[in-house]
Structures are given as structure tokens and as C-alpha cells.
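Below is one structure, written out as C-alpha cells; the observations come after it.
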Amino acid sequence: MKRKLCNVALGITIYFPNRDYLDNILSYAELFENIFIYLNSPIKRELINHEIFLNKKVFKMGNNKNHGLSKSYNSFINRCFSKRIKYLLILDQDSILSENYEHLGLFFLEENIPPDDAALITLDKFPKKYIKKRGIKEFINYGENISLSKINFTINSGSIIIVDKFKIFGGYDEKFFVDKVDKDICKSIKLNGLFIYKISHGFIYHDVGDTKIIKILNLKLNYHNPSRIYSIAYSRITFNEKWILRYLNIKLPIKFILFLFITSLQISKHIFIILLSNNKVKTSIISLFKGTYAALISLKLIND
């Protein structure tokens, strides 16, 4: 009989999933006693009666409308808190847990107490395509003893939230919809005197996204459609306002100059990357400036 995780719940935000994604998530019911899925989109008609929506271990949240990642993560955290579940593993719908569950390090948390200053414990992430070509053995060198080491940044997928610590500082900032969610929560953890730890025994397969490499400049360029570029631009301004104008402990005139300087550099770099990618250039640049302007208006940094 396989061991079950009772103190570690699984939370996955679903956005226009295909059957393979749902089948994969359903397979985790063998490991987790509690699986939470947040429906950020409608489900295709042919998938409405998928077994995952009938499984007693799977709790559905959301209303088929896109509320973003931060809101779904906070909903998972609140659900865990109400059910007295200590830990929450976050996965993207296309992330894959290792088939060798003993490598996840999750059972360590099931039976041991993490450091007092830990708010987030993260697993290694390996690209799915790369793993298939090279083999997982080249990347992992697990010893007999599980260890935890402090790191400064991680992404949410493949990270384990310590629920009571997140409740102390309010969890995720829901002003961040998709972009900057990872960076914001890492900075929030640090701001509250807590830390991110990496656990030695644990990994997931996770692909960040398709990239195009410009060989002459050796730049990796992410493809983003114009609507996503709007979101990136909006989140950039929101993030900089929060972490420069609000939280940076220097005089206001200097903060404002620094805000303008850093933001201008980021926008210039983004335009440069759009030009190099040669992907819907005009529409993408318009979306970038629309997102920037909308964020400035919402934060009342300029007048409409």
C-alpha cells in the first residue's frame, strides 16, 4: 500500500486544460488525500464529466472565470487553513511530479518540522524535454540525509507553502494577476523576516515556455501575444510602485527618480526584445504602452 500525504495538500490552477492535464492531475489522488483545483476558465464540453471532477479527494474552486493566480493561491491557502492542513504544494497544470514519489521530499514534511523562519520550501525544476534527452540521473545526487538550504528566489510551481506563515502576512497580493506573482511573493516573504528554503530531495518537471534564440546576440526571447504583453506591462508598473515607491527606505524624490529610471530601462529592453522577436511588432508595442498607461492611471501616478 502506497503512503499517503495528509499534511501536504496539492493546489493546481486550471486554465483551458486538455485531457492529458486532467488525467495527470487525477493520478496524484494516489498520493494526496487533498487536491484543490481552481477553475480559471470554462471546461470543454467533452471534459465536463471527466473523472477528476467526480473524485472525492478533489475539491473544486472558482467559477470558470479567470481570476488570476494570486486569488487562486489564496483560495487554496484559506482552504488548507480551515481544514488544518499544514502544507500546500503548488503546481501548474502542465507541471509533472516525479514518478518516484520517494524523491519528492514531501514525506519529510509529513513527519518533520521545517525551520521556524521558513515560509516556502521549493523543489528542483527540470525541463520535461531536456530530462527525456539526458536522463534524470545526471541532475540529481541525493545523499542519505535530506537537507534544507536558504535561497533568495523561486517560482510558485513546485513550491510548498507553509500555510500558517502565509496567513500571518496575508498571502499573495491579488493586484498581481499572472506576471510578477513569483517575484512579489519572494520579496514579501523576505520583508516579513521569513525565508525560502530549497529541499534536497525533490523535483518536478516544469517547462517555463517556448523560446527563440537569437544566436548573434545570444538572447533567449520569450514569445508573448499582445494581450500577455499588456499584462506584463501593467504588472511591471504595479510591482515597481510597490517595491520602489512604497517600500524602499530612501527619500521620496530619489525614489521617484529611481522608479522612472528603472521603469524606463525595463520598457526600453522590452521594446528591443519585441523588435528582435519580429512577432506582431506593432500590436505588441501598442499593447505594451496601453498596459503601462493603464497601470499608471490606476495607481494615480498620472492623471487621465
Side-chain angles (χ1 to χ4, degrees), residues 12-21 40-42 44 65-72 90-96 125-134 153-158 175-186 204-243 259-299 301-302:
I12 301 177
T13 304
I14 289 179
Y15 186 72
F16 293 108
N18 59 37
R19 185 174 295 277
D20 288 342
Y21 292 164
N40 255 351
S41 72
K44 294 178 181 178
K65 294 182 180 179
N66 194 356
H67 296 126
L69 294 177
S70 293
K71 184 174 180 61
S72 66
I90 295 291
L91 286 182
D92 287 353
Q93 64 179 6
D94 57 343
S95 299
I96 299 175
K125 290 92 180 175
F126 299 122
K128 286 176 277 187
K129 293 179 181 179
Y130 192 56
I131 295 300
K132 289 178 182 177
K133 291 180 180 178
R134 298 287 298 276
F153 175 77
T154 188
I155 62 172
N156 286 294
S157 184
K175 290 195 296 291
F176 298 102
F177 196 74
V178 174
D179 299 289
K180 299 295 185 183
V181 175
D182 299 327
K183 287 185 178 180
D184 180 73
I185 197 62
C186 290
I204 65 168
Y205 299 126
H206 178 83
D207 288 336
V208 175
D210 293 330
T211 60
K212 176 183 177 182
I213 299 176
I214 306 297
K215 293 183 179 180
I216 297 175
L217 299 173
N218 196 30
L219 292 174
K220 290 184 178 180
L221 305 181
N222 286 319
Y223 284 117
H224 292 121
N225 60 40
S227 61
R228 180 66 186 276
I229 288 174
Y230 178 98
S231 174
I232 291 169
Y234 192 101
S235 297
R236 175 188 294 126
I237 298 298
T238 306
F239 183 87
N240 289 350
E241 184 273 338
K242 179 177 181 178
W243 293 105
F259 170 82
L260 291 175
F261 177 71
I262 290 175
T263 303
S264 298
L265 283 180
Q266 291 171 336
I267 292 171
S268 299
K269 179 183 176 182
H270 201 165
I271 292 172
F272 179 63
I273 289 174
I274 289 171
L275 292 172
L276 284 177
S277 69
N278 197 27
N279 182 40
K280 299 180 181 179
V281 172
K282 183 178 178 180
T283 309
S284 295
I285 291 176
I286 291 172
S287 293
L288 188 155
F289 281 108
K290 281 184 175 180
T292 301
Y293 182 77
L296 291 170
I297 291 291
S298 70
L299 296 170
L301 295 177
I302 61 174

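The shown structure was predicted, so the numbers you read here are calculated from the model rather than taken from an experiment. For the numbers below, each heavy atom of this structure counts, side chains included, while hydrogens, waters and symmetry mates do not. Sequence positions, counted from 1, serve as the residue numbers for this chain.
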- Task: Please step through side-chain contact (heavy atoms from CB on, under 4.5 Å) for the pair V281 and L275, ending with a clear verdict.
- Result: CA-CA 6 Å; V281 172; L275 292 172; 3.6 Å; yes
- Query: How far apart are the C-alpha atoms of K180 and T238, what are their side-chain angles, what is the distance that settles it, and do they pass the side-chain contact (heavy atoms from CB on, under 4.5 Å) test?
  - Reply: CA-CA 9 Å; K180 299 295 185 183; T238 306; over 6 Å; no
- Task: Go through Y293 and I237 one step at a time and tell me if the side-chain contact (heavy atoms from CB on, under 4.5 Å) criterion holds.
- Result: CA-CA 9 Å; Y293 182 77; I237 298 298; over 6 Å; no
- Would you please test S157 and I204 for side-chain contact (heavy atoms from CB on, under 4.5 Å) and show each step? CA-CA 9 Å; S157 184; I204 65 168; 3.8 Å; yes
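In this pair, W243 and F239 present their aromatic rings tilted. The plane angle is within the 30 to 60° band.
The OG atom of S95 lies 12.5 Å from the OH atom of Y205; values are rounded to the nearest 0.5 Å. Separating the NZ atom in K175 from the OG atom in S298 is a distance of 9.5 Å, to the nearest 0.5 Å. If you take CD1 on I155 and CD1 on I90, they are separated by 11.5 Å, rounding to the nearest 0.5 Å. Here the CD1 atom belonging to I96 is positioned 11.0 Å from the NE2 atom belonging to H206, to the nearest 0.5 angstrom. The distance from atom NE2 of H270 to atom CG of L288, rounded to the nearest 0.5 Å, is 5.0 Å. Between the CD atom in Q93 and the OH atom in Y21 there is a gap of 6.0 Å [rounded to 0.5 Å].
In this structure S41 satisfies the side-chain contact (heavy atoms from CB on, under 4.5 Å) test together with Y15, F16, P17, sequence neighbours excluded. Applying the salt bridge (Lys or Arg N to Asp or Glu O under 4.0 Å) criterion to K125, with sequence neighbours excluded, gives no partner residue. R19 is linked by a side-chain hydrogen bond (donor to acceptor under 3.5 Å, both in side chains) to nothing, counting only residues two or more places apart in sequence or in another chain. Every salt bridge (Lys or Arg N to Asp or Glu O under 4.0 Å) that D179 has, sequence neighbours left out, goes to R228. Contacts of K242 classified as side-chain hydrogen bond (donor to acceptor under 3.5 Å, both in side chains), with partners at least two apart in sequence or in another chain: D173, D184. For D92, there are no side-chain hydrogen bond (donor to acceptor under 3.5 Å, both in side chains) partners at least two apart in sequence or on another chain. For S72, the side-chain hydrogen bond (donor to acceptor under 3.5 Å, both in side chains) partners are T13, not counting sequence neighbours.
With contacts defined as side-chain heavy-atom distances shorter than 4.5 Å, the pair V181/N156 qualifies. Here the side chains of I185 and F176 are not in contact, with every heavy-atom distance at 4.5 Å or above.
The shortest heavy-atom contact between N40 and K65 is OD1-O, 3.2 Å. Smallest separation of non-hydrogen atoms from C186 and F153: SG-CD1, 3.6 Å.
Partner of I229 under the side chain to side chain contact (heavy atoms under 4.5 Å, CB included) criterion, out of I285, T283, I286, I274: I274 alone.
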Could you list the donor-acceptor pairs under 3.5 angstrom formed by side chains in residues 259-269, with sequence neighbours left out?
residue	atom	partner	partner atom	Å
T263	OG1	N240	ND2	3.0
T263	OG1	F259	O	2.7
S264	OG	L260	O	2.7
Q266	OE1	N240	ND2	2.8
S268	OG	S264	O	2.8

